[in-house]
Participant: 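Have a look at the structure that comes next, please.
Residue indices begin at 1 and follow the sequence shown.
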Amino acid sequence: MTAHQKLTPQSAQDVTAIVRWYDAPKAQALLASIKARPPLAEPRFATYAITRDEWSEYVGGRVDALRAIYARFGDELMQLCHAAYMTFGPDAPQAAIDEAYAPFVAYAAEPVDLVIGRVLGRVS
């Protein structure tokens, strides 16, 4: 790949496989188990000077296992994106750099709790 080129079809396929971390066989088995027996959701909060954020977070061993899969896939994806970025020269246009990291942005948009919420029909 030369500077300013898009990801090759082969590398794009590799990236797509990593972006969909929840398609991994182990993740699919865990998600099926979660659909059959939903995990607990514990309340969380963060307090700031004049605001307070509140949310729920799924907890338990199966959720921890999914978080580990998510983290491993994220590490692999960041390495691929960084390798794509490194093929561009120092004068690369911002659009080329954005494209190199676009798969990681898509991956980050599907965190564990969101995917669990979809599986349980609580998030569309």
Side-chain angles (χ1 to χ4, degrees):
M1 182 164 35
T2 61
H4 311 297
Q5 280 186 325
K6 294 183 178 186
L7 295 171
T8 64
Q10 180 59 40
S11 64
Q13 290 173 1
D14 293 343
V15 168
T16 300
I18 293 175
V19 169
R20 295 181 55 97
W21 64 270
Y22 46 85
D23 284 340
K26 177 83 172 161
Q28 284 291 302
L30 288 164
L31 289 168
S33 169
I34 283 171
K35 186 172 184 173
R37 292 184 332 269
L40 295 176
E42 291 185 351
R44 303 281 192 237
F45 68 91
T47 304
Y48 305 98
I50 59 172
T51 61
R52 176 181 163 114
D53 290 342
E54 296 181 17
W55 67 95
S56 294
E57 186 175 284
Y58 295 106
V59 296
R62 296 172 296 162
V63 175
D64 291 343
L66 280 174
R67 289 189 204 291
I69 292 169
Y70 179 77
R72 180 179 50 83
F73 275 64
D75 290 345
E76 292 173 11
L77 180 58
M78 181 52 84
Q79 290 174 10
L80 281 175
C81 291
H82 188 67
Y85 165 74
M86 293 305 290
T87 64
F88 303 130
D91 61 337
Q94 185 62 45
I97 296 168
D98 290 348
E99 185 177 323
Y101 286 99
F104 189 80
V105 173
Y107 152 84
E110 296 192 301
V112 172
D113 283 73
L114 179 64
V115 172
I116 292 173
R118 278 194 207 132
V119 166
L120 297 175
R122 297 177 183 164
V123 176
S124 55

Participant: Using distance only, find each side-chain donor-acceptor pair of residues 27-40 under 3.5 Å and give its atom names and separation, not counting sequence neighbours.
Facilitator:
residue: Gln28; atom: NE2; partner: Tyr22; partner atom: O; Å: 2.6
residue: Ser33; atom: OG; partner: Arg62; partner atom: NH1; Å: 3.0

Participant: Report all side-chain donor-acceptor pairs from residues 113-120 shorter than 3.5 Å, counting only partners two or more places apart or in another chain.
Facilitator:
residue: Asp113; atom: OD1; partner: Arg67; partner atom: NH1; Å: 2.9
residue: Asp113; atom: OD1; partner: Arg67; partner atom: NH2; Å: 2.9
residue: Asp113; atom: OD2; partner: Tyr58; partner atom: N; Å: 2.8
residue: Arg118; atom: NH1; partner: Glu110; partner atom: OE2; Å: 3.0

Participant: Could I get the full list of side chain to side chain contact (heavy atoms under 4.5 Å, CB included) partners for Asp53, not counting sequence neighbours?
Facilitator: Tyr48, Trp55
Participant: NE2/His82 to OH/Tyr101 distance, rounded to the nearest 0.5 angstrom?
Facilitator: 5.0 Å
Participant: Between Gln79 and Asp75, do the side chains contain a donor N or O and an acceptor N or O under 3.5 Å apart?
Facilitator: no
Participant: As an exercise, state the distance from OG of Ser56 to CZ of Arg122, rounded to the nearest 0.5 Å.
Facilitator: 9.5 Å
Participant: Nearest 0.5 Å, please: how far is CZ in Phe73 from CG in Asp23?
Facilitator: 9.0 Å
Participant: Among pairs that include at least one residue of residues 38-47, which meet side chain to side chain donor-acceptor pair (under 3.5 Å), considering only residues two or more places apart or in two chains?
Facilitator: Glu42-Arg44, Arg44-Glu57
Participant: Give the cluster check for Val112 versus Val105: same hydrophobic cluster or not, with ILVMFWY residues linked at side-chain heavy-atom distances below 4.5 Å.
Facilitator: no
Participant: Counting only N and O atoms by type, is there a donor-acceptor contact under 3.5 Å from the side chain of Tyr107 to the main-chain atoms of Ala102?
Facilitator: no
